Each structure stands twice: as C-alpha cells, then as structure tokens.
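All values derive from a computational prediction rather than experimental measurement. Just so it is clear: chains get the letters A, B, ... in the order the sequence lines come, proteins before strands, and each one is counted from 1.
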Amino acid sequence: MSSIKQYTDLYKGNTEVICSCSNGVMNAMRNEALKSLEEKRLPVKGDENYEITDLEAEFTPDYGVNINRYDFGADTANAFRCDVPNMSTWLYFSFNDTYYSSRTASISLPEGVIIGSFNQIAKQHQELMSKYYGKLAPKSNAAVALNTLLAQDGLFIYIPKNITLEKPLQLVNILNATVPVMVNRRILIVLEENAHAKMLVCDHTQNQEIDFLNTQVIEVFAGKNSSFDLYDLEESGERTHRVSSLWAKQEEGSNLLVNGITLVNGHTRNDYSIEVAGEHCETHLYGMAIAGNKQHIDNHTEIMHNAGHCSSNELFKYILEDKARGAFCGRIKVEPNAPKIEAYQGNRNICMSPEAKMYTKPQLEIYTDDVKCSHGSTIGQLDQDAIFYMQARGISKNEARMLLMQAFMADVIATVRMDSLKDRLRHLVDKRLYGKLALCQQCSSDCHDIVNNIEQ
Amino acid sequence: MKSSENTDKNRKKENEEIIQNAANSDYKYGFVTDIDMHIIPKGLNEDVIRYISKTKNEPEWMLEFRLNAYKYWLTLETPTWAHLDIPEIDFQDISYFAAPKQKEGPKSLDEVDPEVRKTFDKLGISLEEQMRLSGIAVDAVMDSVSVKTTYKEKLAELGVIFCSMSEAIKDYPDLVKKYLGSVVNYRDNFYAALNSAVFSDGSFVYIPKGVRCPMELSTYFRINAKDTGQFERTLIVADDDAYVSYLEGCTAPMRDENQLHAAIVEIIVEDRAEVKYSTVQNWYPGDKDGKGGIYNFVTKRGLCRGDFSKLSWTQVETGSAITWKYPSCVLQGDNSVGEFYSVAVTNNHQQADTGTKMIHIGKNTRSTIVSKGISAGLSQNSYRGLVKVLPKATNSRNFTQCDSLLLTDTCGAHTFPYIDVQNDSSVVEHEATTSKINEEQIFYCNQRGISTEDAIGLIVNGYAKEVMAKLPMEFAVEAQKLLSISLEGSVG
C-alpha cells in the first residue's frame, strides 16, 4: 500500500481544520489534488527518473503535520545568521511552514509590489493569486499533489510591470521541532512585463536530532522581457529529507537564472522544470552539491523549448565523499516549432572515496533540425598530475586537493550574478570543503540582534 | 539587391528540395524469391514449438530449453520503455517457422536451388565470387535455415567450427549446451524469451585455443517469406588467445505487412582472445508513408570473460521500420576491452532506439563508444546507452561520444545516456552534440563547383568516417553504398 494513503486519510479526517487554518486560494485546489492522488503511488527506486531515490520511502515514516498551526516559538534570531555581508536584502523567513516578514521588509518596497505570506494577503489579492497558484505545477506529479493537498501557507511575490527591485529578496527557511515533522512549503513568484528581481533562499535545520520531511513547490511566472534570479542554498542537516520542485514558465524575451546549491543535507530530491514559451529567452540552470557521509542528492532537470531563437545553459557539479550518493538527470527537449535553439548541458562529478556513487543521465530530445545542442558528462577524480605538480612546489597534498576542489566549483559560483553573494558562496564552499563547515550560522560574526524586529 | 535576395531564396528552396528528396529513394533489395517454402500455420503454442524442434531433429534438452523459455515468455508483457511508437504486435498472427523446402542438404554449390542462388546474386553476394575472390566464408541464412556454408573444410583444418546452429546442436551438443543462453538468458527480456522459444537457426562459431581465424566469417540474413518472423540465434565462442572477425549483413524483400525479426547474438571471449563483430543492417524500412518494413528487436551481448579479452561491435544501421537494439559488452575479465562503433541512419517514418551497454566488472577495464546518428524525413533516431562501473572495477575507463546530424526540420534526434559509477578510481566521460548539417560547409562546396547533393554526400560520409574506418574492407565499401542509397537524392 502506498504511503500516500496516510496523508489522504489525514486530509479527509481533518479537512475543516486544514482549510480553516489556511486561505481561500490554497483551499480551492485541494479537492483536485485529492482526486489526482487516488489510485496513485509515489515513485520508487528504479522507476524511470528515480534511479536512486525512493520517494515512497521518504514519505513512509510517521511525521507529524502541524495542521492546527500551533506556534512552535520561532527562534527568529537564527534567521539572520545567514546574513550576507555587504548585501542588503528584503528579508522574509519561514519557521517550519509558517511565513513571516521582518519589520523592515515591507517598508520601502516599490509601489505595486506585493510580497507576503498567503494567509496574510490572500483576502486582498485573491483574484490575482488564484490566477497563478497551482497553474504550473502539475498535479499528476504525486509529490506536487501531496504538497497542494496539505500546504497551508506560502510566500507570494508579485512584481508589477516595469518595476526593478533594487535589493535582492531573501527567504530564510528554518526547520525546528522536537518531534519528527513534515512541513509543506509553497512559493509563488509572478513577474509582469519588464519586471526584474533577484532572490536568495536559504534552508536551515536547527534541531539536527530530529527527522524532518520538507516538501516544497515553487512556481515562477516570468513575463515578457522580465528577469529573475533564484539562488536556492540548502544547508540543512543529515536527518532532513527534502523533496522540492520548481516549475517555471518564461514569456518572450525573459531571462531566468536558477542556481541550486546543496552544501549540507540528508536526503534531497530537487526537480527543476522550465518551460520556455516565448522567443528570445535566456535560461540558465546551474547547481552544485558537496556531499559526504551518507548524504543523498538527486537533481532532476527539464528544459522544454517550445519557441525558437532561445538559448539555455545548464551546468551541475558534484563532489562526493564517504558514502555519498549523487544523481543527476537532465533533459533538454526541443519541440518541432522551435528553430534556432542553442542549448548546452554539462554535468561534472568527482568521486573522492571508493564508496561514493554517482549516477548521471544527461538527455537530449530534439525534434527539429536547426539547433545547436550538446551535452557532456564526466565522472572522475582529481588530477593526480596536478596534485603532484603542487606537491613538488611545496604545497601539501591536502592543500593541493583543496585548491583543485575549489577550482572545480569555481565555474558554478562564477554564474552568480551578485558579487557579494558570489564572495559569500566562495567562502561557504571553502569552509565546507575544509570540513569545519557545517552551518553558516556559526560563521556570521555580524549577526544583528533583531529579534524584536519581527512582526508576525 | 532584391534580385540577389530572390536568388538566395531560390537557392535555399532548392537546397531544401534536395534534402527533401532524400525521402524519395526506393528500396533496392525489394524482390521476392519464388522458391518452395516450408511454412507452418500462424500462431504460437507449445505444439508449434514441439513441431519446430521435431522438424529440426533436436535432442530432448533443446526442446526443454525452448519450452522453458516459452513458459517464461507467457508471463511477460511487451516492453514499452523505448522512445519508439510500436504498433501492437499480434504474436499469434505470425508464422514461426519458414524453411526453403529441400529434401536433403546440398552437398555442393551446384545442388543449391538455383532460385536461392539467384537471390544471393541479386544481393551481390554470389557465393562463387566470394569463394574465389574475397576468401570470405559465408553462412547464408535465408528465412532461418542455413543454406550453404562455404569454406567449411578449410576452416576445419584449423579446428575452427563454423556451421549452422542446427548442425551445431547435432554435432557439438556439449559446446552448445555449455554456452547457449549463458550470456543472454531466456529470462533476459521479452524478445529474448520469444527467440529462445522459437529460434529456427543461426550460426555457430567456435575458435579453439590459440587460433587466429585466417578469414573473415560472414552470415547474410534475408527475410523472404511473407508474414514470417525471423528468429535466428548466433553463438560465437573465442577460446584463449583466439581471434575472429565476424560479419553480419541483413536484407529483406519489400513487403507491405510488417515483419518481426527478433534475434539473439551471444559472444563469449576468453583470456586474451579478441572478437570483432560487424553488422550492416539493411532490412526493408517500409515505404515513404511508413507502410510495411521490418521490426528489428535484437538482443546482442558479449561476455569478455577472460583477462585481457577484447570485444568490438561495429554496426551500420540503415534499415528496419523500427530498430530496438543494444549490442552490449560485459567486461568481466581484468583488463578487458569493449568497443562500440555505430552509424544509424533513419529516413521517412523509420524509428531507431539503439545504443549499447558497457558493464565494467573487472579491474582496469576499458570501453569506448562512438555513435553517429543521422536523421532525415520524419524519422526518430535515439541513442540509448548504459555505462555501469561496479565497485570492484577499479581504474576503469570509459569514453562515450554520440553525435546526431539532422537533415530535415521534421525529424528527431535524441540521446539518453545512463551513467552509473560506483567507485572512485574510474573515469567516465560522455559527450554528445546535435546539430543540423552545416550550411557554411555546403556553401563552401558550392563555391568550388560541387552541387549541394554531392556536398551533403561528402559531409555525411565524412561525418560517419570514424565508424566506417572500423569496418572490414569488404564491408566498408558496401556500407558506404548503403549510406548513399538510404539518403539517395541528397547523397551523390
């Protein structure tokens, strides 16, 4: 029996509570989600595109779901520990799956920009939100349907026509509980014509002794000539299970960059699905993962070119140590009516230990002739000659290996389109490689005491 | 200005037309040989299998093998994972055995039915010619029964066994029993099970220890009778330090109905031995509207069992309405080497899902994959490959390159590589490109007085050269011709 049943039963038994602690926009979708879950099972290991990840197993344990929205007492101070030096942001954060904004956040936002938690603003902007919510993420995907069924809050970002956000947005997700908890997060991002924004999302787990299941669905609508950058940084814990998916649609002339960085995690499955619907779009999809111990990281990407004269660039890099498991599956699809596409996909992996395993599946599906597409994939080790070269010049073996690994990750960091964030990431990656690492909260010396700065 | 624009447009149109014409070539090998055929009624059940086995005078263990496979086949469903659109096949609507009627086996060439020999003459593989000139030993399989094996005596002197599978079952039961099904078990997949149950004939090759086979061995397959599936089975065993180069060619006459071809090729390579297996596949691809053609669902696998053994697959695929084929290497012995070179051309409504599997089990094993796909017309051409490096296959090395060339805007080219590495000392590389034929190159040729048609021919042949160079000489010439025929109109 599929583990889906325990969640549908939970919903059926508590429909009223779930709906009353949520909002009209999200409630409107639940029945459809429930219907699509009937007779369905979650993908298991060995299913196509789930070669190493068993979603059924991820969802099987008995997690608590905070359907009554009890306040767990957010330790909000920690939210600000991942402050990026020299980068001022509009800061929002979620505690488990409740969304908050810092007091300063809503001040000085350009006119017309709407940012806030679903529960706060759904009444005012119901029509606008309903127009977009749940329109990209397909409910045929069981993980998405489960999220749609149970998610009670989310973050809504709306940037109107011709508005450019001067500062990046930052969302800090914090997991903390004393019993195993399932959290369902939702982000909806809408950019109208010629709107421009950047966003950084950080994932943290405070209580490392507890199992968490974190499902997340992000939907991005990029309007005509808009641009949007999304940096998704995961620094959770070994007992955190994350099942995240991003669904984006690009209109004519838009420019989308998504960068998924996994530095510390337990079990992670990320799906990225980008539909390029208009001509002259640029799509950038990057990612990196550094995994040790028994970490498990599986990225699945799909870029669908439905219109001509577009370019897409994709690069994912992994360093696997100890018993880590890595998987990458990338698909570029060019439809028959999409000429003059340039699409590149790269996946480079380093296995550092005999027990590390990497699985990769870069795919091209091309239905027209006027294209330039390529993909490349390698799995290997650090160059022994290069290490020897450095040793011969008095650099210790360990130091030499570090230098090579830093250089290996440099191309993914170089794709970041914010200088201050680039520096920060370089610093975090270096620390991660040196193994001191762990959480960035321990390294931020310039934390502000802003506990009082929070409004709920 | 305007006039030059017009000429440009005209030229572009012309070029497009020439490329479009590629779809208009007709199948050169579409003729039917009118000889007495022995065909059993359509349908598949235990009696049919017993009948096949009895007709072929097979021993009891062989019948058992077939029946086991049949029972297992009944439990399976047709695989649907390939990037292919396969119409439903009614397995009860196929005749499972067709053999040229002959009372006794021919003792010399003169005794072979003149019609059969004419067929081969049309194919350009006149037995006499080949015997005299090229010194290739040909085992011609026509609708499943081996007609004539040439140069058998000469090979026998060296201890090389090259005969039909039916003879091998009779004459060398121990060898067949030992190796048959050891690489491709009947439980392997749907079509392997079907083949194991009903296979009619095929070739058997055994190269004894230390023998270097002095000539290239060759089998020519041809599907002749209407509505018969061809299920042949090839088994090649190269003992320690042996070497053999094996050629396989396939054609089928033009038929409107689809015909099923589900073969198995098994190869066993022992210590320091080397096997080179080359295929030129030219089954009838169906007409311009996608009517008819052969469904080619083949399981080919080689086991490099010995240390320092080597297996090399080379294939030129120009035919079949649907191709589903993954010649694979299981690199079990330490330091063993696997190679796969492929050119796959699809035109009109053809579909191909082809590639390879390289399973690295032994230490220091190496594999190379070079795959070139050319799609035209409305065809779909996919590369699907698996490279798997197991934890104990330390210091293994793989290099994969798969390129696709697109000639029209209605065709498709796809790449589905699966890479699974389970240790830290192996290096696996994969690269793939997809692009259309380079207009600048065509323009460059045009400038120098080479017509667009010839230019495309030059470019395509140059593109496939890396693989063609791996074919034995006799085959390379034919393969180049085939490439031209397949893309006739666009290739000079």
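- Looking only at distances, a side-chain donor or acceptor of A:Gln381 sits under 3.5 Å from a matching main-chain atom of B:Asp424.
- Residue A:Asp370 holds its CG atom at 12.0 Å from OG1 of B:Thr408, rounded to the nearest 0.5 Å.
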> When you look at A:Thr368 and B:Leu406, which way does the side-chain contact (heavy atoms from CB on, under 4.5 Å) test go after all the steps?
Replying inline: CA-CA 8 Å; A:Thr368 187; B:Leu406 296 147; over 6 Å; no
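- Note on B:Ala413, B:Gly412, B:Ser435: by heavy-atom pairs under 4.5 Å with chain A, the leading option is B:Ala413.
- The most heavy-atom pairs under 4.5 Å with chain A, out of B:Val427, B:Asp403, B:Thr415, come from B:Thr415.
- Around CD of A:Glu48, the count of heavy atoms belonging to other residues, nucleotides or ligands within 6.0 Å exceeds 12.
- B:Ile419 approaches A:Ser377 most closely through the heavy-atom pair CD1-OG, 3.8 Å.
- Heavy-atom pairs under 4.5 Å with chain B peak, among A:Val371, A:Thr378, A:Leu364, A:Val334, at A:Leu364.
- Distance check, rounded to the nearest 0.5 Å: CD of A:Gln363 to OH of B:Tyr383 gives 12.0 Å.
- Between A:Glu365 and B:His414, the closest heavy-atom pair is CA-ND1, 3.2 Å.
- Ring planes of B:His83 and A:Tyr367: tilted class, angle from 30 to 60°.
- In terms of non-hydrogen atom pairs under 4.5 Å with chain A, the most contact-rich of B:Leu386, B:Thr400, B:Thr433 is B:Thr433.
- Interatomic distance, A:Ile379 CD1 to B:Asn423 CG, rounded to the nearest 0.5 Å: 10.0 Å.
- Atom NZ of A:Lys40 is surrounded by more than 12 heavy atoms from other residues, nucleotides or ligands within 6.0 Å.
- Between B:Pro391 and A:Glu355, every side-chain heavy-atom pair lies at or beyond the 4.5 Å cut-off.
- Heavy atoms of A:Gln345 lying under 4.5 Å from chain B are absent altogether.
- Counting non-hydrogen atoms of neighbouring residues, nucleotides and ligands closer than 6.0 angstrom, the NZ atom of B:Lys388 reaches no more than 12 such neighbours.
- Contacts with chain B were tallied for A:Ser374, A:Pro354, A:Cys351, A:Gly380; A:Pro354 has the most, counting heavy-atom pairs under 4.5 Å.
- Nearest heavy-atom pair across A:Pro362 and B:His430 is CG-CD2, 4.3 Å.
- For B:Gln401, no part lies under 4.5 angstrom from a heavy atom of chain A.
- The minimum heavy-atom distance linking A:Asp369 with B:Lys436 is given by the pair O-CB, 2.7 Å.
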